[in-house]
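Each chain gets a letter, A, B and so on, in the order the sequences are listed, and its residues count up from 1. Source: prediction; values computed, not measured.
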Amino acid sequence: MRQVDENYSPIQLEKDVKALWESSRIYDKVKKAAESGRSYYFLDGPPYTTGSIHIGTAWNKVLKDTMIRYRRMQGFNVRDQPGFDMHGLPIEVKVEQSLGIKSKKEIETQGIDKFVSTCKEFALKFKAKMTDEFKMLGVWMDWDNPYLTVDPKYMASVWWTLKQAYDKNLLTMDVRVLPWCPRCETALAEAEIEYWDETDPSIYVKFAVVGEANTYLLVWTTTPWTIPGNLAAAVHPELTYVVVRAKRGMLEETLILLQDKLEELKKVAGIEDAQILETAKGSELVGMRYKHPLTDLVPYQQQVTGKHVHTVLQSTEVAAENTGIVHIAPGHGPEDFEIGKKHDLKPFSPVDESGNYTAEAGEHYAGKNVRDANPLVMSDLVERGAMFHEGTVTHRYGHCWRCKKPVIYRITDQWFLKVTEFKDKLNAANDAVKWYPDWAGASREKDWITNARDWCISRQRYWGTPLPIWRCECGNVRLVSSLEELKSAKGYVEGMDVHRPWIDRLTFECDKCHKTMPRVPDVLDVWFDAGVCSWASLGYPANQDDFNRWWPGEWITEAHDQTRGWFYSQLVTGILAFGKSPYKSVLMHGWALTQSGEAMSKSEGTAIDPVGVINTLGADSLRLYLLKANAPWEDMAFQQEGVKAANRTLNILWNVYKFATLYMSIDKFDPSITKLESIRDDLRADDRWLLSRIESMKKNVTDAMEVYELHKATRAIEDFIVEDLSRWYVKLVRDRLWKEEDDKDKRAAFKVLHEALSTSISLLAPITPHISEAIHANLTGKPESVHMLSWPAQDTKWVDEKLEEGMKLVREISELIARIRQESNINLRWPVKRIVVKAQSDEVIEQILGLKDALLTQNNLKDLDVVPVGDEWEEMILSVVPNPNAIGKVYRQWSSKIAVLLKNRPAKTIKAGIDKGEYSLGIEGQLVKILPNMVSFSSTLPPDVVGADFSKGSIYIDLEQTPALESEGFSREIIRRIQQMRKDMGLNVEEFVRVEIQCSRRVENFLETWKDKIAKETRARRFEIAEQPRGDYIVEWNIETESLVIGVASMKVKAGLDDLLKVPGMTQDKAQKLYDHGHTSLASMKDLPDEDIALVEGITKLDARRVYDYIHKDDVKAPAPPLVTAQPMQVQAPAQVPAGPAPQSSEVVQAIAPEPAPPQAPQRSFMEMLMEVPGLDQKAAEALYDAGFTSPQTLKTASPMDLTKAKGISEGMANKIIEQFIDWREPTAPATRPVKAEVKAAPTVTDLERSFSYLVEEDKPEASYTLFITAMKKGMKGYCVTRNYPAKIRSKFDLKETPVVWLSNVGRENTIRPKDLEKLSLALEQFLAQPGGGIVLLDGLEYLITNNNFITVLRLIQSLRDQVAINQSILLMAVNRSTLESHQLNLLEREVDYTITG
RNA sequence: GGGCCCAUAGCUUAGCUGGCUGGAGCACCCGGCUGAUAACCGGGAGGUCACCGGUUCAAAUCCGGUUGGGCCCA
């Protein structure tokens, strides 16, 4: 197991995981491994290949991928072939646009072959693009072998299916009135029509009644162009109509219309007076004859004959709207057609394919486009006095779904599936399907089936599966049902494309009349293509084996619009071919809507590109969000924020994983060796709790997955990770993992933590496959992929519901305590004396006592008491409240005395007496009886106690502070401060330090008992109280009312230990022992024989030998021992060593810049320093010097043993000397003295002075930029370093030529990574070194600090400050106060010449 | 106009067959923690459970209606 250092960065992680999948062929292996499982036929609903995927498509595929992965983990052998729907009008339209084609005619003149080839190209291009996008989502399907509806083999299956329908007499050609798109010149299915509002004429036409002078049927219509096709009028038989004498100006006429609409009409048409002559039921009007208003223009209207022609018919379809009389044009409307059929009216439809009137309409109209002809027809009506009133109306009108042009209705020959004849079978098949949710099938799909009409499957287009129908002029029909059969056609060429136009050239000989049969030129509705995919993708009927193995499909999922689409088309084809549904179960999912709940639209720019989301937050975050956001069957208002939240959850998972592996890897924990069973006895209650939670989660998740409630499954996992694992368990086990010794207790925690993580990622594997894979690889690594694991089954032996309930209570109580602490202003570091729990039942008490440790440690409580169930807490302060009324009545003059006496007696005693019946009181020698009615009792909380209620009882928290508690609190505060300092110094976790503290007597006393603990926690080898604390880093802190100064010095042990650890076979433990003994580095032992090394306790002779060998491995030509030649002591300068408190991790530090020039203070020679060691005489000092200790540095790193070799140095003295020098450093930095930042405010600075540094404190960098620009205007060269996007800064502040360097991990040019202080320092140095200097604006200090450590950045600033001073330049730094801690701000302020508050 | 679904805090949502004080997350304000740390945690504020009516001791929950939104159809 590797220690994980990196943060969760999904983009990189997913890239790596995908690369691993690719290089190790994981997908293939996972599928191979599943092969022995039970077959599970998943059917992919083929997305239409147009452009790129949208959020809805992504959601759809994520649902599928998640379920496929889940089923595989359950042991199913899942068939996962994806499909693409590639024929049809949408692509034709795209190709028309790209080729600049506007009509069918142009397609034919330019050549259908070219057109169709281009369509195919487009479809394949889009297929490839979408495939890439699905892969980005992490969707695992068989992308190398998708089924394509354009594949000839696929098309052959389609043909075969049609043949089945034909053989069952369910496929027929018929004349129908159908919606027709005049632009696309094709019939449209209902599914291909979109409705929206359109403004059309609203006209009232007078149909003159034959035989009644000046009497008219008033007919209303919105389609004037259909009037030439009018053959009858219709009324509703049950409605009441009136015959009225209407007067408008000079005009008087008799009108027939719906009674209820008369008033409305009067208003609309401006009728001044209307006299009702007669009322009649609609049925009474039937048979009235009228004269067609345009007979003179439309010859057909003169010739047409028939009983019902130009008469009033009845129909219950007529609505009670407008005039209640509708005109019937059987050639222009489906209802009209039906009514006409009933009354032997031969449809008259004088309109051609492009929507122009034909010659049949008469030469007046012929060739004119019908919708454009509306005004002409209207003026013709006006001219003939037939127009009663004209206006406009806005109503929903159908449009072609592709070209958006309004549809018209006309009569054509089309091929139909007679769906109406087998609706009962469809319903039965639908009932047999298991729908999720059930109303999707039981209500929605059923409703659609019930209202279904015959399905028109022919389209007069080019890019589609050709209808496999050849029809002879004699009426004979032949259907081709396979590619084999097609080969017998005349004109067949081996290997030919069977699309149009090539297939159009094939003919058959009619077996009846032996003439040549041409193909019916239509293509198939694409919905039929998709409908047969369940067997077409298996190659049926050519390939029977696969069909027998897989069919029918187990599960499909698509959005609710597929009720009329794929759900339906499959049901129909399934019945036609096999008499049953091709799928067994369906999950109907919702639509992805915009944030505000509207449909996403590319044209309106409200569509969100999933690829963009993946590229910013990762596919896993998107997947997690899509699944958890809501129930799959509900529409989703897509929120970017939600994806971010999902990303955060994964980050928490990652952090827990990072945390766990840090300690597991240090201890080389091997989860495969430690079995849960074997550590059962080592488990604490906390562990058993988490194990129980794990098992409960497994069950909850599995139960939800089984019914496709993926939102519940996902949320359950998320809840476990965030609440149980991260927020609670990790907190509980922290201390256990920090322990250095390796014990059973720690091992148990490791195991449980590992169990929690591995279960979580197993359950997450189908949902977030990448992060699961990455964690799995490091956490367990076996099997090769997380996706090869079995789905985790619940192990009930770990389930302990009582324990789970108990922990719930503990957490509830913990929250209460947190609140009380906050209200009482006592933070968690301060221990609280005790908590008393009063619970409803013994069970609750037991549950809480069982988790006492967790409760106490998590809340920093010292003790827990419980109150027996039913009792009051005995420490409640009971007080007596005398009732003067009752007392006075009996004892009159004594009553006030009695009250006083009662109050002074212990209330408890009084209560005990009263509870027995009475209490006696002595007064003036008399015994007075106090009866229950004379007193009442009240109880109050003792001082310093706060009470609160939880769901199963109450708690009392004793907040009293004692010196012991206070001293513990203080020590915790100090620990935290020292830890903070260690961190600021950039010390390694394992480094040892030396701490000196200056504090008040009071605090000193407190610390007496806690010294060891503090030293241990902070890895302080020395911990001392000092007047003037020394150290590499010294900070003044305020804790409560106390002020103390803490100095921390690194002992640089880590480097020594690491050095020792280089020796083969060396353990941490042994290295430590060597070190403690004084062998602080390999070099320190280089003159020792191995026997001497072996003297160290715990070091065997073998160890010693190894050390010796290692040291001397290169010793062939050993370098001379240290120089012992005497040198004039007086000229000995202090050795140059890199100074500074953070030399540990620090190429960075050293690289920043040379240390600022030493201060002017007179330098002491090494000998002078040496002589300061108490008790060291000159002779001994000289001996030391002679022994090679010629600088403070040499002493600092020496071991006492080394020193004793010098004459006159005892071991005690050696220790003293080293102690003196252990924290020696270049006596330069002002940071060695804590100085309260002086207020160097210069708020009025507008002219920056050269050679000065300025710190501008402001929330947003504004003033700093203004100053920067001002300086540049005065002729200084500028150099800007910023965290903000450079282009933005440049334009906002109009920076033009000024170099702007971006602190960022992502940019390329002019970018410096925030961690790369070396580069930054170099760049600035170069700039400042230019002749004439310049001004540097450093905006983004906070960012540098968070990316490095504070001290390192401080060093950089010091160095810059000095360079600025030398180069006559200016340093301007912007900082937001709120982002820094106060001591950090103080230190910063101290480094600059002026602080400006912006 | 018909069918189906939906409506709970500013946003996204939990709340099963009616029953404890309607829970979360995001955003907001305040605080805490500080070796998981660009992380994390706690607290606060914020609700006429769309509206009207009914059933019931009791309705966010069941029933009827209205309004608004989505999908499908006419």
Which nucleotide, B:C72, B:C40, B:U34, lies nearest any side-chain atom of A:R976? B:U34

Heavy atoms under 4.0 Å, any strand shown: does A:N630 hit a base, just sugar-phosphate, or nothing? sugar-phosphate

Taking 4.0 angstrom as the limit, do A:R977 and A:E973 come out as a salt bridge? yes

Which nucleotide wins on minimum distance to the side chain of A:Q639, given the candidates B:U13, B:A36, B:C11? B:C11

How do A:A629 and A:R982 order along RNA chain B: which one's closest nucleotide is nearer the 5' end? A:A629

How far, in whole Å, is B:G46 from B:C51 if one measures between their C1' atoms? 22 Å

Identify each atom pair where a protein N or O and an N or O of nucleotides 1-10 of chain B are less than 3.5 Å apart, giving names and distance.
from : atom 1 : to     : atom 2 : distance (Å)
B:C4 : O2     : A:R444 : NH1    : 3.3

Sugar-phosphate only, base, or nothing, as touched by A:Y663 at under 4.0 Å among non-hydrogen atoms: sugar-phosphate

Side chain of A:N7 (C-beta onward), nearest among B:U12, B:A38, B:C40: B:A38

Do A:R734 side-chain and B:A36 base share a donor-acceptor contact under 3.5 Å? yes

Whichever of A:E335 and A:H560 has its nearest RNA chain B nucleotide further upstream toward 5': A:H560

Rounded interatomic separation in angstrom, taking CD1 from A:I974 and P from B:U34: 14 Å

